[in-house]
2 protein chains.
Amino acid sequence: MARKNATIYDIAKLAKTSTATVSRVLSNSGYPVKEELRQRVLEAAKKLNYTPNLLGRQLKTKETRDIAVIIPNISNPFYPSIVLGVEDAAREKGYNVLLCDSYRNPQLEIAYLNSMAKKQVRGIIISSISQNQRFLKELVSRGFNIVAFDQNVTFPCNRISFDYVKGGFLATEHLIKLGHKKIAFISAPLTRASRKGVFEGYLKALKHYKLDVNKELILINDKEQEINNEIYEYENGIELVKRFLKIKDMPTAIFAVNDMTAIGVIQGLKSFGVKVPDDVSVVGFDNIFISEMIEPPLTTIEQPKYEMGKLAATLLIDRLQNEGDKKYIEINMSPTLIIRKSTKPL
Amino acid sequence: MARKNATIYDIAKLAKTSTATVSRVLSNSGYPVKEELRQRVLEAAKKLNYTPNLLGRQLKTKETRDIAVIIPNISNPFYPSIVLGVEDAAREKGYNVLLCDSYRNPQLEIAYLNSMAKKQVRGIIISSISQNQRFLKELVSRGFNIVAFDQNVTFPCNRISFDYVKGGFLATEHLIKLGHKKIAFISAPLTRASRKGVFEGYLKALKHYKLDVNKELILINDKEQEINNEIYEYENGIELVKRFLKIKDMPTAIFAVNDMTAIGVIQGLKSFGVKVPDDVSVVGFDNIFISEMIEPPLTTIEQPKYEMGKLAATLLIDRLQNEGDKKYIEINMSPTLIIRKSTKPL
DNA sequence: GTGAAAGCGCTAACAC
DNA sequence: GTGTTAGCGCTTTCAC
């Protein structure tokens, strides 16, 4: 990127020594070099404004210091914290991170995976889409260092998982303990592991507390999410509220599959003059930071996003030490209930 | 990352040809190779499950396909769209992007800059902090390919700029045209070019429409933002509302320096029973996506974030063609007023 | 302690 | 059209 970079060869010449020695001092190899010579090298490097070219080193050592993170879309408010966690952990270990937005597009995702392989990244953290399971699996079996999260992978693999079912259970249980008996579930289509898990938790809680599962209260849109529309979940919430309001003997609570949906739900409710939480309690899922900035602040399930990102990167980089190791590690993260103002006793 | 990757040498052996030929067909050099041989090479490559090692090529050609984007914090809702724009443009041109969060920390920012240089990235898109102007300037003068945005740089440099003053003017003008005469300005300290510009626009509009500049209405916190607290602006909005409410003969409108602050302002106002927009009109700045999801949806100034990111990357990569070119390019983006429900005629 | 030299995987003269 | 070969910038044996 700069003009004509100085190389260790230039430094060697200037310091009247060999490239071997220069390399030894400049790469902090710990290899013994006489202090006086070392100083000469350092000075020469400074004089020449030397910037090491990592490409040379990496080609030789076959070890880059890059990892990639592949996510659906960084402008979905769920992902920035994760990516930040990844980056922080990576930086601590001297790694850089390549950002890849897949837009949930199978071809794009595969293209990125291939591209990252060519770049010799040391590993990949990925929230993949289910269609690519076979491809991913093959990569893993070929020895690629991969950590999956935010999805269900059907094959052995390092992963950071999250207990969606328990989260769904906690949310529903909270409403039940508040005295609610008719609790609606509002969601986009259950096309993802996360949504399925949350729904399962909802059912489980109802069963556990011996409440009827009423099909009428399960409002799941069958229209699939448009690609690249971060606002879809929100609009979906608004839309399904209309169906909700048509239910005779209106439920007193709503559990939305995620915060974006819940925010839409609250907005929709308000627009029809229905008060939250006075008329209807609402709980969300994810605890994206917006949820405490809306009115009323949203009761929701915390998913430790930053920590998950950090753990994913830490796990990934730690695995590098024992490359051949066939044992895969799974770290399971737990949900917590965050009670704010959108729910209240019946 | 995989075990023992096949190299062009292996392919040459298998296809009974030379590495030169293999390279020619595999790198799509356009160099003529007989069809039959080409097929043999392709087959061999496939059979060996060949993945090119970009490090080799890049070391040879001295051209990586990487760019870096350095921003304060990806979890600040202002940046994801920008980064997405950068990535999309980069991908279209065959580039990958390295993400660097500087946390507005001068040392970290410089460390990243250095680190990226070592990695031989082709260029850097940066929202820098003012303390590092000298360092940045030197990089630029050393021939580094840099595009700055979201800041005021005091030296010649490629940049994507945004007319904050005009934005501030538009927002204030909107309020004035609605009949408001007492318009408060609420902001975090004017330590950044953007905030300064917005404030200047506010003053300019008042002057232009011959309204008094009343110091009492200018509510600027002097507490500096805590590092790494994306919620600070929001809380700042809430806090300053208290001062706002103490103003005798309360103003009928508030212009907040950005959306996060505005959302805090609205929240604060509500908590004191003040209605928006019935009692007080509020306008924000930035048009982050949350602003249309709050109640009432926020009137604000649109900053074309995605486009700015995309343009920055396009500009950066285009500049690569004429490396030596000393002419720097500045692209100025214009604000637009987005009228929603948080403002109304007096 | 130090240096000569090989070589990581690739491209690009250059020769044929 | 094809092959030989030098070399990108670096690390690392190996010999001294």
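Sequence lines set the chain letters: A, B, ... in the order given, protein chains first and strands last, and positions in each chain run from 1. Computed from a predicted model, the values in this text were never measured in an experiment.
- From A:Asn49, atom CG reaches atom OG1 of A:Thr51 across 6.0 Å, with rounding to the nearest 0.5 Å.
- A donor atom on one side chain and an acceptor atom on the other are found under 3.5 Å apart for B:Tyr306 and B:Asp88.
- In this structure, A:Thr64 contributes its side chain and A:Gln120 its backbone to a donor-acceptor pair below 3.5 Å.
- Shown for residues 23-34 of chain B: residues whose heavy atoms fall under 4.0 angstrom of DNA chain D, namely B:Arg24, B:Tyr31, B:Pro32, B:Val33, B:Lys34.
- The CZ-C1' distance, from B:Arg38 to D:dT2, rounds to 13 Å in whole Å.
- Residue B:Arg57 places at least one side-chain N or O under 4.0 Å from the OP1 or OP2 atom of C:dT11.
- Regarding A:Lys60, its NZ atom lies at a distance of 11 Å from the C1' atom of D:dG9, rounded to whole Å.
- Using a 4.0 Å heavy-atom distance criterion, A:Leu54 is classed as making no nucleic acid contact.
- Counting non-hydrogen atoms under 4.0 angstrom, B:Ile8 reaches a base of the nucleic acid.
- For the pair A:Lys62 and D:dT11, the criterion of a side-chain N or O lying under 4.0 Å from OP1 or OP2 is not met.
- Of the listed nucleotides (D:dG3, C:dA5, C:dG9), C:dA5 has the atom at the smallest distance from the side chain of A:Thr19.
- In this structure, A:Ile11 places its CD1 atom 11 Å from P of D:dT11, rounding to the nearest Å.
- Contact between the side-chain N/O atoms of A:Ser18 and the OP1/OP2 oxygens of C:dG3 is found at a separation under 4.0 Å.
- With rounding to whole Å, B:Lys119 atom NZ is found 15 Å from D:dC10 atom C1'.
- The separation between B:Asp10 atom CG and C:dC8 atom P is 10 Å, rounded to whole Å.
- Between A:Thr17 and C:dG3 there is a side-chain N or O to OP1 or OP2 distance below 4.0 Å.
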Begin from the C-alpha positions of B:Thr21 and B:Tyr31 and carry the test side-chain contact (heavy atoms from CB on, under 4.5 Å) through to its verdict. CA-CA 9 Å; B:Thr21 299; B:Tyr31 201 95; over 6 Å; no
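- For the pair A:Asn53 CG and D:dC10 C1', the computed distance is 8 Å after rounding to whole Å.
- Between B:Glu63 atom CD and D:dG9 atom P there is a gap of 13 Å when expressed in whole angstrom units.
- Nucleotide D:dG9 holds its C1' atom 9 Å from the CG atom of A:Leu59, rounded to whole Å.
- Using modelled atom types, one finds no donor on one side chain facing an acceptor on the other under 3.5 Å when comparing A:Glu43 with A:Gln39.
- Nearest-nucleotide mapping onto DNA chain D: of A:Thr21 and B:Arg40, the residue sitting toward the 5' end is B:Arg40.
- In this structure, CD1 on B:Ile146 lies 6.5 Å from CD1 on B:Ile126, to the nearest 0.5 angstrom.
- For A:Tyr9 and C:dA4, the shortest distance from a side-chain N or O to OP1 or OP2 is not below 4.0 Å.
- You'll find that the side chain of B:Leu37 is closest to D:dG3, out of D:dG3, D:dC10, D:dG9.
- We find that A:Glu138 and A:Arg134 are not joined by a salt bridge, their nearest charged nitrogen and carboxylate oxygen being 4.0 Å or further apart.
- No side-chain N or O of A:Asp10 forms a donor-acceptor pair with one of A:Tyr50 less than 3.5 Å apart.
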